[in-house]
Peer 1: 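Below you'll find the structure I mean.
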There are 2 protein chains.
Amino acid sequence: MANIGAHSGGKRVKNGHETLVASPGMTLAESLRQKLEGAIAAGHLEPGSRLDEQEIAQRFGVSRTPVREAFRLMAANNLVELRGRQGATVRSIKAQALIEMFQVMAELEGLCARLAARRVSQAWRTEIGEIHQRLVAAGETGDIDVFYDINQEFHEAIYEASRNSFLADQTRKLRNQVAAYRRRVTRMPNRIVDTVREHEAIMQAILAHDPERAHSAMRDHVSLLGDNLLDFLAAFE
Amino acid sequence: MANIGAHSGGKRVKNGHETLVASPGMTLAESLRQKLEGAIAAGHLEPGSRLDEQEIAQRFGVSRTPVREAFRLMAANNLVELRGRQGATVRSIKAQALIEMFQVMAELEGLCARLAARRVSQAWRTEIGEIHQRLVAAGETGDIDVFYDINQEFHEAIYEASRNSFLADQTRKLRNQVAAYRRRVTRMPNRIVDTVREHEAIMQAILAHDPERAHSAMRDHVSLLGDNLLDFLAAFE
DNA sequence: ATACCAATATAAGTATACATATTGGTCCTC
DNA sequence: GAGGACCAATATGTATACTTATATTGGTAT
(Lines give C-alpha, C1' and ligand atoms only; values in the text may rest on other atoms or scores of the structure.)
Protein backbone atom coordinates (compact mmCIF):
# COMPACT_ATOMS: atom_id res chain seq x y z
CA MET A 1 0.00 0.00 0.00
CA ALA A 2 1.35 3.34 -0.90
CA ASN A 3 1.69 5.30 2.26
CA ILE A 4 2.38 8.83 1.30
CA GLY A 5 4.59 10.06 4.03
CA ALA A 6 6.02 6.75 5.07
CA HIS A 7 9.59 7.54 4.18
CA SER A 8 9.59 11.27 4.46
CA GLY A 9 10.90 11.23 7.97
CA GLY A 10 8.02 13.53 8.60
CA LYS A 11 7.18 15.00 11.90
CA ARG A 12 3.87 13.74 13.03
CA VAL A 13 1.34 15.57 15.03
CA LYS A 14 -1.81 14.92 16.97
CA ASN A 15 -4.08 11.97 16.24
CA GLY A 16 -1.56 10.36 13.95
CA HIS A 17 -2.15 12.89 11.22
CA GLU A 18 0.75 13.67 9.02
CA THR A 19 1.87 17.20 9.35
CA LEU A 20 1.78 19.61 6.52
CA VAL A 21 4.88 21.73 6.57
CA ALA A 22 3.63 24.84 8.23
CA SER A 23 4.82 27.13 5.50
CA PRO A 24 3.47 30.45 6.54
CA GLY A 25 1.66 32.42 3.92
CA MET A 26 1.00 29.24 2.00
CA THR A 27 -2.42 27.81 1.51
CA LEU A 28 -3.30 24.31 2.63
CA ALA A 29 -4.12 23.31 -0.91
CA GLU A 30 -0.67 24.35 -2.08
CA SER A 31 1.05 22.50 0.74
CA LEU A 32 -0.94 19.41 -0.10
CA ARG A 33 0.01 19.71 -3.74
CA GLN A 34 3.70 19.83 -2.92
CA LYS A 35 3.41 16.88 -0.60
CA LEU A 36 1.47 14.76 -3.06
CA GLU A 37 3.56 15.68 -6.07
CA GLY A 38 6.65 14.78 -4.13
CA ALA A 39 5.13 11.44 -3.25
CA ILE A 40 4.31 10.78 -6.88
CA ALA A 41 7.72 11.80 -8.20
CA ALA A 42 9.45 9.69 -5.58
CA GLY A 43 7.34 6.74 -6.56
CA HIS A 44 5.58 6.32 -3.25
CA LEU A 45 2.30 6.67 -5.07
CA GLU A 46 2.05 4.17 -7.87
CA PRO A 47 0.76 5.35 -11.22
CA GLY A 48 -2.83 4.29 -11.58
CA SER A 49 -3.56 4.20 -7.88
CA ARG A 50 -6.65 5.97 -6.78
CA LEU A 51 -6.61 9.12 -4.69
CA ASP A 52 -9.50 9.24 -2.28
CA GLU A 53 -10.59 12.71 -1.28
CA GLN A 54 -11.90 11.69 2.10
CA GLU A 55 -9.01 9.44 2.95
CA ILE A 56 -6.41 12.07 2.17
CA ALA A 57 -8.41 14.72 3.94
CA GLN A 58 -8.51 12.57 7.04
CA ARG A 59 -4.88 11.59 6.78
CA PHE A 60 -3.74 15.19 6.83
CA GLY A 61 -6.45 16.35 9.16
CA VAL A 62 -8.01 18.87 6.79
CA SER A 63 -11.37 19.13 5.10
CA ARG A 64 -12.16 17.97 1.60
CA THR A 65 -12.03 21.45 0.13
CA PRO A 66 -8.27 21.99 0.08
CA VAL A 67 -7.81 18.41 -1.03
CA ARG A 68 -10.07 19.02 -3.99
CA GLU A 69 -8.17 22.15 -4.89
CA ALA A 70 -4.88 20.31 -4.68
CA PHE A 71 -6.27 17.67 -7.05
CA ARG A 72 -7.26 20.35 -9.54
CA LEU A 73 -3.82 21.88 -9.31
CA MET A 74 -2.15 18.55 -9.95
CA ALA A 75 -4.56 17.67 -12.72
CA ALA A 76 -3.46 20.85 -14.43
CA ASN A 77 0.12 19.63 -14.20
CA ASN A 78 -1.00 16.36 -15.73
CA LEU A 79 0.06 14.47 -12.67
CA VAL A 80 -3.35 13.12 -11.80
CA GLU A 81 -6.36 12.30 -13.87
CA LEU A 82 -9.81 13.48 -12.94
CA ARG A 83 -12.70 11.54 -14.30
CA GLY A 84 -15.96 13.23 -13.54
CA ARG A 85 -17.68 11.75 -10.53
CA GLN A 86 -15.25 8.90 -10.56
CA GLY A 87 -12.43 10.19 -8.49
CA ALA A 88 -8.84 11.03 -9.11
CA THR A 89 -6.08 8.63 -9.99
CA VAL A 90 -2.35 9.08 -10.26
CA ARG A 91 -1.79 9.46 -13.93
CA SER A 92 -0.31 6.37 -15.44
CA ILE A 93 1.47 7.20 -18.60
CA LYS A 94 1.21 4.69 -21.38
CA ALA A 95 4.17 3.85 -23.57
CA GLN A 96 2.68 5.76 -26.48
CA ALA A 97 2.32 8.88 -24.34
CA LEU A 98 5.86 8.51 -23.03
CA ILE A 99 7.20 8.45 -26.56
CA GLU A 100 5.29 11.62 -27.29
CA MET A 101 6.44 13.33 -24.15
CA PHE A 102 10.08 12.52 -24.70
CA GLN A 103 9.81 13.80 -28.23
CA VAL A 104 8.61 17.14 -26.92
CA MET A 105 11.06 17.14 -24.07
CA ALA A 106 13.95 16.47 -26.41
CA GLU A 107 12.98 19.51 -28.40
CA LEU A 108 12.54 21.74 -25.38
CA GLU A 109 15.75 20.70 -23.70
CA GLY A 110 17.44 21.04 -27.05
CA LEU A 111 16.22 24.62 -27.23
CA CYS A 112 17.53 25.23 -23.73
CA ALA A 113 20.92 23.99 -24.80
CA ARG A 114 20.89 26.05 -27.96
CA LEU A 115 20.08 29.25 -26.11
CA ALA A 116 22.58 28.40 -23.40
CA ALA A 117 25.30 28.06 -26.01
CA ARG A 118 24.68 31.63 -27.07
CA ARG A 119 24.50 33.07 -23.62
CA VAL A 120 26.99 31.35 -21.34
CA SER A 121 28.76 33.54 -18.86
CA GLN A 122 32.16 32.94 -17.33
CA ALA A 123 30.66 32.19 -13.96
CA TRP A 124 28.45 29.56 -15.52
CA ARG A 125 31.44 27.81 -17.11
CA THR A 126 32.93 27.08 -13.75
CA GLU A 127 29.57 26.16 -12.26
CA ILE A 128 28.69 23.56 -14.87
CA GLY A 129 32.20 22.18 -14.73
CA GLU A 130 31.91 21.73 -11.01
CA ILE A 131 28.55 20.00 -11.34
CA HIS A 132 29.91 17.67 -13.96
CA GLN A 133 32.88 16.74 -11.81
CA ARG A 134 30.55 15.81 -9.01
CA LEU A 135 28.49 13.74 -11.44
CA VAL A 136 31.60 11.83 -12.53
CA ALA A 137 32.54 11.27 -8.91
CA ALA A 138 29.07 9.96 -8.08
CA GLY A 139 29.26 7.71 -11.12
CA GLU A 140 32.47 6.16 -9.87
CA THR A 141 31.06 5.74 -6.39
CA GLY A 142 28.03 4.11 -7.88
CA ASP A 143 25.55 5.84 -5.63
CA ILE A 144 22.53 5.87 -7.89
CA ASP A 145 20.37 8.26 -5.94
CA VAL A 146 23.10 10.86 -5.62
CA PHE A 147 23.87 10.43 -9.31
CA TYR A 148 20.25 11.01 -10.17
CA ASP A 149 20.11 14.21 -8.16
CA ILE A 150 23.30 15.64 -9.63
CA ASN A 151 22.10 14.73 -13.10
CA GLN A 152 19.03 16.81 -12.36
CA GLU A 153 21.27 19.68 -11.27
CA PHE A 154 23.13 19.54 -14.56
CA HIS A 155 19.98 19.89 -16.59
CA GLU A 156 18.64 22.55 -14.28
CA ALA A 157 21.80 24.57 -14.79
CA ILE A 158 21.22 24.48 -18.53
CA TYR A 159 17.61 25.58 -18.10
CA GLU A 160 18.83 28.57 -16.17
CA ALA A 161 21.55 29.34 -18.68
CA SER A 162 18.97 29.58 -21.44
CA ARG A 163 17.83 32.81 -19.77
CA ASN A 164 14.31 32.05 -20.87
CA SER A 165 12.38 31.56 -17.67
CA PHE A 166 9.20 30.50 -19.44
CA LEU A 167 11.08 27.82 -21.34
CA ALA A 168 12.81 26.76 -18.14
CA ASP A 169 9.45 26.43 -16.44
CA GLN A 170 7.86 24.38 -19.18
CA THR A 171 10.80 22.06 -19.41
CA ARG A 172 10.95 21.61 -15.68
CA LYS A 173 7.26 20.74 -15.56
CA LEU A 174 7.62 18.18 -18.29
CA ARG A 175 10.63 16.65 -16.61
CA ASN A 176 8.59 16.44 -13.45
CA GLN A 177 5.79 14.61 -15.18
CA VAL A 178 8.01 11.78 -16.29
CA ALA A 179 10.11 11.80 -13.12
CA ALA A 180 8.37 8.77 -11.67
CA TYR A 181 9.40 6.75 -14.70
CA ARG A 182 12.83 8.23 -15.23
CA ARG A 183 14.17 7.34 -11.86
CA ARG A 184 13.97 3.66 -12.74
CA VAL A 185 16.05 4.09 -15.86
CA THR A 186 19.06 5.38 -13.98
CA ARG A 187 19.50 1.87 -12.69
CA MET A 188 20.01 0.36 -16.11
CA PRO A 189 23.39 -1.24 -16.88
CA ASN A 190 25.24 1.30 -18.98
CA ARG A 191 23.12 4.30 -18.22
CA ILE A 192 25.63 5.95 -15.89
CA VAL A 193 28.63 5.82 -18.18
CA ASP A 194 26.51 6.80 -21.18
CA THR A 195 25.06 9.75 -19.32
CA VAL A 196 28.47 11.03 -18.37
CA ARG A 197 29.69 10.79 -21.95
CA GLU A 198 26.61 12.49 -23.36
CA HIS A 199 26.79 15.26 -20.80
CA GLU A 200 30.37 15.91 -21.80
CA ALA A 201 29.36 16.33 -25.44
CA ILE A 202 26.60 18.73 -24.47
CA MET A 203 28.86 20.72 -22.20
CA GLN A 204 31.60 21.02 -24.78
CA ALA A 205 29.18 22.25 -27.42
CA ILE A 206 27.74 24.87 -25.10
CA LEU A 207 31.12 26.05 -23.89
CA ALA A 208 32.28 26.23 -27.51
CA HIS A 209 29.33 28.53 -28.25
CA ASP A 210 28.04 26.11 -30.86
CA PRO A 211 24.24 26.34 -30.63
CA GLU A 212 23.43 23.76 -33.28
CA ARG A 213 25.74 21.14 -31.87
CA ALA A 214 24.47 21.83 -28.36
CA HIS A 215 20.91 21.45 -29.58
CA SER A 216 21.46 18.14 -31.30
CA ALA A 217 23.64 16.74 -28.55
CA MET A 218 20.98 17.47 -26.00
CA ARG A 219 18.26 16.16 -28.22
CA ASP A 220 20.09 12.91 -28.69
CA HIS A 221 20.73 12.63 -24.99
CA VAL A 222 17.08 13.01 -24.06
CA SER A 223 15.86 10.83 -26.91
CA LEU A 224 18.22 8.06 -25.92
CA LEU A 225 16.96 8.31 -22.39
CA GLY A 226 13.46 7.93 -23.75
CA ASP A 227 14.44 4.91 -25.77
CA ASN A 228 16.08 3.33 -22.76
CA LEU A 229 12.99 3.96 -20.74
CA LEU A 230 10.84 2.26 -23.31
CA ASP A 231 13.14 -0.73 -23.43
CA PHE A 232 12.90 -0.91 -19.69
CA LEU A 233 9.13 -0.76 -19.67
CA ALA A 234 8.86 -3.25 -22.52
CA ALA A 235 10.83 -5.77 -20.52
CA PHE A 236 8.14 -5.67 -17.88
CA GLU A 237 5.02 -5.95 -19.95
CA MET B 1 -32.40 28.58 0.28
CA ALA B 2 -32.98 28.65 -3.41
CA ASN B 3 -31.62 25.47 -4.78
CA ILE B 4 -30.85 26.28 -8.32
CA GLY B 5 -29.56 22.91 -9.35
CA ALA B 6 -32.59 20.99 -8.25
CA HIS B 7 -33.29 19.92 -11.77
CA SER B 8 -31.06 17.72 -13.82
CA GLY B 9 -29.59 18.28 -17.21
CA GLY B 10 -31.57 21.36 -18.09
CA LYS B 11 -30.19 24.70 -19.08
CA ARG B 12 -30.02 26.90 -16.10
CA VAL B 13 -31.64 30.20 -16.81
CA LYS B 14 -32.32 32.46 -13.93
CA ASN B 15 -33.60 35.93 -14.21
CA GLY B 16 -30.85 38.39 -14.94
CA HIS B 17 -28.09 35.82 -14.74
CA GLU B 18 -25.93 34.96 -17.67
CA THR B 19 -26.67 31.46 -18.72
CA LEU B 20 -24.10 28.79 -18.41
CA VAL B 21 -24.52 26.34 -21.23
CA ALA B 22 -25.15 23.29 -19.16
CA SER B 23 -23.24 20.84 -21.25
CA PRO B 24 -24.36 17.56 -19.81
CA GLY B 25 -21.72 15.53 -18.09
CA MET B 26 -19.72 18.66 -17.53
CA THR B 27 -19.08 20.21 -14.19
CA LEU B 28 -20.02 23.78 -13.43
CA ALA B 29 -16.41 24.63 -12.79
CA GLU B 30 -15.45 23.40 -16.23
CA SER B 31 -18.23 25.33 -17.90
CA LEU B 32 -17.15 28.45 -16.08
CA ARG B 33 -13.57 27.92 -17.13
CA GLN B 34 -14.54 27.72 -20.78
CA LYS B 35 -16.70 30.79 -20.50
CA LEU B 36 -14.05 32.84 -18.73
CA GLU B 37 -11.19 31.68 -20.90
CA GLY B 38 -13.22 32.59 -23.90
CA ALA B 39 -13.82 36.04 -22.47
CA ILE B 40 -10.11 36.48 -21.83
CA ALA B 41 -9.08 35.25 -25.25
CA ALA B 42 -11.65 37.47 -26.91
CA GLY B 43 -10.32 40.43 -24.98
CA HIS B 44 -13.49 41.13 -23.04
CA LEU B 45 -11.50 40.76 -19.87
CA GLU B 46 -8.50 43.05 -19.88
CA PRO B 47 -5.18 41.68 -18.71
CA GLY B 48 -4.55 42.86 -15.20
CA SER B 49 -8.20 43.25 -14.32
CA ARG B 50 -9.36 41.69 -11.12
CA LEU B 51 -11.68 38.70 -10.99
CA ASP B 52 -14.06 38.87 -8.08
CA GLU B 53 -15.23 35.51 -6.83
CA GLN B 54 -18.51 36.75 -5.48
CA GLU B 55 -19.34 38.93 -8.43
CA ILE B 56 -18.78 36.12 -10.90
CA ALA B 57 -20.64 33.67 -8.72
CA GLN B 58 -23.62 36.00 -8.64
CA ARG B 59 -23.41 36.81 -12.31
CA PHE B 60 -23.72 33.17 -13.27
CA GLY B 61 -26.01 32.26 -10.44
CA VAL B 62 -23.74 29.67 -8.83
CA SER B 63 -21.95 29.47 -5.53
CA ARG B 64 -18.36 30.45 -4.95
CA THR B 65 -17.07 26.88 -4.94
CA PRO B 66 -17.17 26.17 -8.69
CA VAL B 67 -15.90 29.69 -9.33
CA ARG B 68 -12.89 29.02 -7.15
CA GLU B 69 -12.22 25.76 -8.95
CA ALA B 70 -12.46 27.46 -12.30
CA PHE B 71 -9.89 30.01 -11.10
CA ARG B 72 -7.53 27.22 -10.07
CA LEU B 73 -7.97 25.57 -13.44
CA MET B 74 -7.20 28.78 -15.25
CA ALA B 75 -4.29 29.56 -12.99
CA ALA B 76 -2.82 26.23 -14.03
CA ASN B 77 -3.13 27.33 -17.64
CA ASN B 78 -1.32 30.52 -16.72
CA LEU B 79 -4.32 32.57 -17.70
CA VAL B 80 -4.94 34.09 -14.32
CA GLU B 81 -2.70 34.89 -11.42
CA LEU B 82 -3.59 33.90 -7.89
CA ARG B 83 -2.03 35.81 -5.08
CA GLY B 84 -2.86 34.33 -1.72
CA ARG B 85 -5.67 36.14 0.01
CA GLN B 86 -5.45 38.86 -2.57
CA GLY B 87 -7.72 37.58 -5.23
CA ALA B 88 -7.29 36.57 -8.82
CA THR B 89 -6.33 38.80 -11.70
CA VAL B 90 -6.23 38.17 -15.42
CA ARG B 91 -2.64 37.51 -16.13
CA SER B 92 -0.96 40.35 -17.87
CA ILE B 93 1.99 39.19 -19.86
CA LYS B 94 4.95 41.50 -20.03
CA ALA B 95 6.87 42.02 -23.25
CA GLN B 96 9.81 40.02 -21.96
CA ALA B 97 7.56 37.07 -21.17
CA LEU B 98 5.90 37.32 -24.57
CA ILE B 99 9.26 37.08 -26.29
CA GLU B 100 10.03 34.00 -24.28
CA MET B 101 6.70 32.41 -25.01
CA PHE B 102 6.94 33.00 -28.72
CA GLN B 103 10.40 31.48 -28.73
CA VAL B 104 9.02 28.31 -27.19
CA MET B 105 5.95 28.34 -29.38
CA ALA B 106 8.06 28.69 -32.50
CA GLU B 107 9.94 25.57 -31.52
CA LEU B 108 6.83 23.59 -30.66
CA GLU B 109 4.90 24.57 -33.75
CA GLY B 110 8.05 23.89 -35.73
CA LEU B 111 8.13 20.39 -34.31
CA CYS B 112 4.46 19.94 -35.22
CA ALA B 113 5.24 20.90 -38.79
CA ARG B 114 8.26 18.62 -38.93
CA LEU B 115 6.30 15.64 -37.73
CA ALA B 116 3.40 16.50 -39.98
CA ALA B 117 5.72 16.51 -42.98
CA ARG B 118 6.61 12.92 -42.24
CA ARG B 119 3.11 11.72 -41.62
CA VAL B 120 0.66 13.45 -43.94
CA SER B 121 -2.13 11.33 -45.30
CA GLN B 122 -3.98 11.83 -48.54
CA ALA B 123 -7.14 12.91 -46.75
CA TRP B 124 -5.19 15.55 -44.90
CA ARG B 125 -3.79 17.00 -48.14
CA THR B 126 -7.25 17.89 -49.34
CA GLU B 127 -8.31 19.11 -45.90
CA ILE B 128 -5.46 21.56 -45.48
CA GLY B 129 -5.91 22.75 -49.04
CA GLU B 130 -9.53 23.47 -48.39
CA ILE B 131 -8.72 25.38 -45.21
CA HIS B 132 -6.10 27.43 -46.99
CA GLN B 133 -8.49 28.32 -49.77
CA ARG B 134 -10.96 29.59 -47.23
CA LEU B 135 -8.18 31.60 -45.59
CA VAL B 136 -7.31 33.25 -48.89
CA ALA B 137 -10.97 34.02 -49.50
CA ALA B 138 -11.33 35.59 -46.07
CA GLY B 139 -8.17 37.58 -46.70
CA GLU B 140 -9.66 39.04 -49.84
CA THR B 141 -12.92 39.81 -48.13
CA GLY B 142 -10.99 41.49 -45.37
CA ASP B 143 -13.09 40.08 -42.57
CA ILE B 144 -10.52 40.05 -39.81
CA ASP B 145 -12.40 37.92 -37.32
CA VAL B 146 -13.18 35.22 -39.83
CA PHE B 147 -9.58 35.32 -41.02
CA TYR B 148 -8.37 34.90 -37.47
CA ASP B 149 -10.56 31.86 -36.92
CA ILE B 150 -9.55 30.15 -40.14
CA ASN B 151 -5.93 30.87 -39.36
CA GLN B 152 -6.46 29.04 -36.12
CA GLU B 153 -7.96 26.12 -38.04
CA PHE B 154 -4.89 25.92 -40.22
CA HIS B 155 -2.57 25.62 -37.28
CA GLU B 156 -4.88 23.21 -35.54
CA ALA B 157 -4.84 20.97 -38.59
CA ILE B 158 -1.06 20.83 -38.40
CA TYR B 159 -1.16 19.98 -34.72
CA GLU B 160 -3.39 17.06 -35.53
CA ALA B 161 -1.25 15.97 -38.44
CA SER B 162 1.77 15.69 -36.14
CA ARG B 163 0.02 12.65 -34.65
CA ASN B 164 1.54 13.52 -31.31
CA SER B 165 -1.39 14.33 -29.11
CA PHE B 166 0.76 15.47 -26.21
CA LEU B 167 2.60 17.91 -28.42
CA ALA B 168 -0.68 19.07 -29.91
CA ASP B 169 -2.03 19.71 -26.43
CA GLN B 170 0.97 21.65 -25.25
CA THR B 171 1.06 23.78 -28.34
CA ARG B 172 -2.65 24.48 -28.17
CA LYS B 173 -2.35 25.57 -24.56
CA LEU B 174 0.49 27.89 -25.33
CA ARG B 175 -1.36 29.37 -28.28
CA ASN B 176 -4.30 29.92 -26.00
CA GLN B 177 -2.21 31.78 -23.49
CA VAL B 178 -1.08 34.38 -25.96
CA ALA B 179 -4.40 34.48 -27.78
CA ALA B 180 -5.47 37.72 -26.14
CA TYR B 181 -2.38 39.43 -27.53
CA ARG B 182 -2.34 37.72 -30.89
CA ARG B 183 -5.78 38.78 -31.89
CA ARG B 184 -4.66 42.38 -31.91
CA VAL B 185 -1.78 41.62 -34.23
CA THR B 186 -4.03 40.29 -36.97
CA ARG B 187 -5.16 43.84 -37.46
CA MET B 188 -1.72 45.11 -38.38
CA PRO B 189 -1.16 46.43 -41.92
CA ASN B 190 0.51 43.66 -43.86
CA ARG B 191 -0.26 40.83 -41.53
CA ILE B 192 -2.92 39.23 -43.70
CA VAL B 193 -0.97 39.04 -46.92
CA ASP B 194 2.16 37.93 -45.05
CA THR B 195 0.27 35.22 -43.27
CA VAL B 196 -1.13 33.82 -46.49
CA ARG B 197 2.31 33.73 -48.07
CA GLU B 198 3.92 32.10 -45.06
CA HIS B 199 1.18 29.53 -44.79
CA GLU B 200 1.75 28.60 -48.40
CA ALA B 201 5.43 27.99 -47.74
CA ILE B 202 4.63 25.82 -44.75
CA MET B 203 1.99 23.87 -46.61
CA GLN B 204 4.24 23.22 -49.57
CA ALA B 205 7.05 21.95 -47.38
CA ILE B 206 4.74 19.60 -45.53
CA LEU B 207 3.09 18.29 -48.66
CA ALA B 208 6.55 17.79 -50.19
CA HIS B 209 7.46 15.64 -47.17
CA ASP B 210 10.35 17.94 -46.33
CA PRO B 211 10.51 17.96 -42.51
CA GLU B 212 13.41 20.38 -42.16
CA ARG B 213 11.92 22.95 -44.48
CA ALA B 214 8.54 22.58 -42.82
CA HIS B 215 10.14 23.10 -39.45
CA SER B 216 12.01 26.24 -40.38
CA ALA B 217 9.12 27.69 -42.36
CA MET B 218 6.83 27.29 -39.41
CA ARG B 219 9.41 28.63 -37.03
CA ASP B 220 9.89 31.72 -39.12
CA HIS B 221 6.15 32.17 -39.37
CA VAL B 222 5.64 32.10 -35.63
CA SER B 223 8.76 34.10 -34.88
CA LEU B 224 7.78 36.79 -37.32
CA LEU B 225 4.50 36.99 -35.57
CA GLY B 226 6.48 37.54 -32.42
CA ASP B 227 8.47 40.35 -33.95
CA ASN B 228 5.32 42.01 -35.19
CA LEU B 229 3.79 41.66 -31.82
CA LEU B 230 6.74 43.34 -30.21
CA ASP B 231 6.50 46.21 -32.65
CA PHE B 232 2.89 46.48 -31.72
CA LEU B 233 3.61 46.51 -28.02
CA ALA B 234 6.52 48.91 -28.38
CA ALA B 235 4.26 51.38 -30.10
CA PHE B 236 2.11 51.42 -27.01
CA GLU B 237 4.68 51.75 -24.26
C1' DA C 1 -28.28 -19.87 -15.82
C1' DT C 2 -27.85 -15.49 -17.70
C1' DA C 3 -29.22 -10.95 -18.64
C1' DC C 4 -31.42 -6.86 -17.49
C1' DC C 5 -33.52 -3.63 -14.43
C1' DA C 6 -34.00 -1.46 -10.14
C1' DA C 7 -32.53 0.00 -5.74
C1' DT C 8 -29.16 1.31 -2.64
C1' DA C 9 -24.73 2.91 -1.35
C1' DT C 10 -20.78 5.65 -2.00
C1' DA C 11 -18.22 9.45 -3.51
C1' DA C 12 -17.98 13.71 -6.19
C1' DG C 13 -20.14 18.26 -7.13
C1' DT C 14 -22.25 22.26 -5.05
C1' DA C 15 -23.87 25.42 -1.54
C1' DT C 16 -23.37 27.88 2.61
C1' DA C 17 -21.56 29.03 6.97
C1' DC C 18 -17.46 30.32 9.51
C1' DA C 19 -12.54 31.88 10.30
C1' DT C 20 -8.82 34.65 9.18
C1' DA C 21 -5.90 37.74 6.75
C1' DT C 22 -5.38 41.97 4.21
C1' DT C 23 -6.57 46.53 3.19
C1' DG C 24 -8.01 51.01 3.96
C1' DG C 25 -9.46 54.58 6.92
C1' DT C 26 -9.47 57.19 10.99
C1' DC C 27 -7.70 58.78 15.20
C1' DC C 28 -4.12 59.77 18.26
C1' DT C 29 0.44 61.06 19.21
C1' DC C 30 4.81 63.15 18.27
C1' DG D 1 0.67 68.45 10.02
C1' DA D 2 2.47 63.97 9.24
C1' DG D 3 3.13 59.32 10.37
C1' DG D 4 1.98 55.19 12.66
C1' DA D 5 -1.13 52.10 14.90
C1' DC D 6 -5.43 50.09 15.59
C1' DC D 7 -9.99 48.88 14.18
C1' DA D 8 -13.44 47.77 10.91
C1' DA D 9 -14.89 46.03 6.56
C1' DT D 10 -14.32 42.97 2.91
C1' DA D 11 -12.88 39.00 0.57
C1' DT D 12 -10.39 34.72 0.57
C1' DG D 13 -9.35 30.22 2.75
C1' DT D 14 -11.53 26.34 5.08
C1' DA D 15 -15.09 23.40 6.97
C1' DT D 16 -19.38 21.09 6.73
C1' DA D 17 -23.87 19.93 5.07
C1' DC D 18 -26.56 18.53 1.25
C1' DT D 19 -27.54 17.05 -3.62
C1' DT D 20 -26.78 14.30 -7.49
C1' DA D 21 -24.75 10.95 -10.32
C1' DT D 22 -22.63 6.61 -11.01
C1' DA D 23 -21.53 2.05 -9.91
C1' DT D 24 -22.46 -2.20 -7.83
C1' DT D 25 -25.31 -5.69 -6.21
C1' DG D 26 -29.26 -8.41 -5.87
C1' DG D 27 -33.52 -10.03 -7.56
C1' DT D 28 -36.60 -11.37 -11.08
C1' DA D 29 -37.90 -12.80 -15.50
C1' DT D 30 -36.93 -15.07 -19.67
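Hydrogens, waters and symmetry mates are skipped; everything else that's a heavy atom, side chains included, is used. Below, chain A is the first sequence line, B the second, and so on; all start at residue 1.
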Peer 1: Near DNA chain D, counting only heavy atoms under 4.0 Å, which residues of residues 70-79 of chain A show up?
Peer 2: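 DNA chain D contact set from residues 70-79 of chain A: none.
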
Peer 1: Take A:Leu36 and A:Phe71 through the test side-chain contact (heavy atoms from CB on, under 4.5 Å) and record every step on the way to the result.
Peer 2: CA-CA 9 Å; A:Leu36 293 174; A:Phe71 283 6; 4.1 Å; yes

Peer 1: With a cut-off of less than 4.0 Å, is there a side-chain N or O of B:Gln86 near OP1 or OP2 of C:dT23?
Peer 2: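 So the side chain of B:Gln86 is within the cut-off, an N or O lying under 4.0 Å from OP1 or OP2 of C:dT23.
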
Peer 1: From the set D:dT12, D:dA17, D:dA15, return the single nucleotide nearest to any side-chain atom of B:Glu53.
Peer 2: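 Closest nucleotide among those given: D:dT12.
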
Peer 1: Atom CG of A:Leu28 and atom P of C:dT20: how far apart are they, to the nearest Å?
Peer 2: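 Rounding to the nearest Å, CG of A:Leu28 and P of C:dT20 are 12 Å apart.
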
Peer 1: Has B:Arg172 got its NZ or CZ under 6.0 Å from the middle of the six-membered ring of B:Tyr159, at an angle within 45 degrees of the ring axis?
Peer 2: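 Pair B:Arg172/B:Tyr159 does not count as cation-pi.
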
Peer 1: Counting C-beta onward and ignoring hydrogens, is there a side-chain heavy-atom pair between A:Arg175 and A:Met101 closer than 4.5 Å?
Peer 2: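 A:Arg175 does not reach A:Met101 side chain to side chain.
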
Peer 1: Under a 4.0 Å threshold between the charged nitrogen and the carboxylate oxygen, would A:Glu107 count as salt-bridged to B:Arg114?
Peer 2: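 Between A:Glu107 and B:Arg114 there is a salt bridge, with a charged N closer than 4.0 Å to a carboxylate O.
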
Peer 1: Check the distance between C:dA11's P and A:Leu82's CG and give it to me in whole angstrom.
Peer 2: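 Distance, rounded to whole Å: 16 Å.
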
Peer 1: Distance check: side-chain N/O of B:Gln54 vs OP1/OP2 of D:dA11, anything under 4.0 Å?
Peer 2: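 Checking B:Gln54 against D:dA11: at least one side-chain N or O falls below 4.0 Å of OP1 or OP2.
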
Peer 1: Given 3.5 Å as the limit, does a donor-acceptor pair link the side chain of B:Glu100 with the main chain of A:Ser165, or not?
Peer 2: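 Confirmed, B:Glu100 side chain pairs with A:Ser165 backbone.
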
Peer 1: Taking only the side-chain nitrogens and oxygens of A:Arg68, find out if one of them lies under 4.0 Å from OP1 or OP2 of C:dG13.
Peer 2: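 True: A:Arg68 side-chain N/O within range (under 4.0 Å) of C:dG13 OP1/OP2.
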
Peer 1: Rounding to a whole Å, what distance do you find between B:Leu32:CG and C:dT14:P?
Peer 2: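 That distance rounds to 9 Å.
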
Peer 1: Measuring only between side-chain heavy atoms, which start at C-beta, is B:Asp145 closer than 4.5 Å to B:Asp143?
Peer 2: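 Counting from C-beta outward, B:Asp145 and B:Asp143 do come under 4.5 Å.
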
Peer 1: In whole angstrom, what separates B:Arg64's CZ from D:dG13's P?
Peer 2: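 Rounding to the nearest Å, CZ of B:Arg64 and P of D:dG13 are 8 Å apart.
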
Peer 1: Of the nucleotides D:dA11, C:dA15, D:dT14, which one has an atom closest to the side chain of B:Asp52?
Peer 2: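 When the side chain of B:Asp52 is considered, D:dA11 is the closest of D:dA11, C:dA15, D:dT14.
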
Peer 1: Report yes if at least one side-chain N or O of A:Thr27 is closer than 4.0 Å to OP1 or OP2 of D:dT14; otherwise report no.
Peer 2: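 Indeed, a polar side-chain atom of A:Thr27 lies that close.
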
Peer 1: Using heavy atoms to find the nearest nucleotide of DNA chain D for B:Thr65 and B:Arg50 separately, return the residue whose nucleotide is more 5′.
Peer 2: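 Here B:Arg50 is the residue nearer the 5' end.
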
Peer 1: Tell me what A:Glu69 touches on the nucleic acid: a base, only sugar-phosphate, or nothing, going by heavy atoms under 4.0 Å.
Peer 2: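 The answer is nothing, as A:Glu69 stays clear of every strand by at least 4.0 Å.
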
Peer 1: With B:Arg64 as reference, evaluate B:Gln54, B:Glu53, B:Gln58, B:Glu69 under the side-chain hydrogen bond (donor to acceptor under 3.5 Å, both in side chains) test and give the passing residue.
Peer 2: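 So, applying the side-chain hydrogen bond (donor to acceptor under 3.5 Å, both in side chains) to B:Arg64 and each of B:Gln54, B:Glu53, B:Gln58, B:Glu69, only B:Glu53 qualifies.
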
Peer 1: Return the value, rounded to whole Å, for the distance between atom CD of B:Glu55 and atom C1' of D:dA11.
Peer 2: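 Spelled out: CD on B:Glu55 to C1' on D:dA11 is 13 Å.
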
Peer 1: Starting at the 5' end of DNA chain C, which residue's closest nucleotide do you reach first, B:Ser63 or A:Ala88?
Peer 2: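 Looking at DNA chain C, the more 5' nearest nucleotide goes with A:Ala88.
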
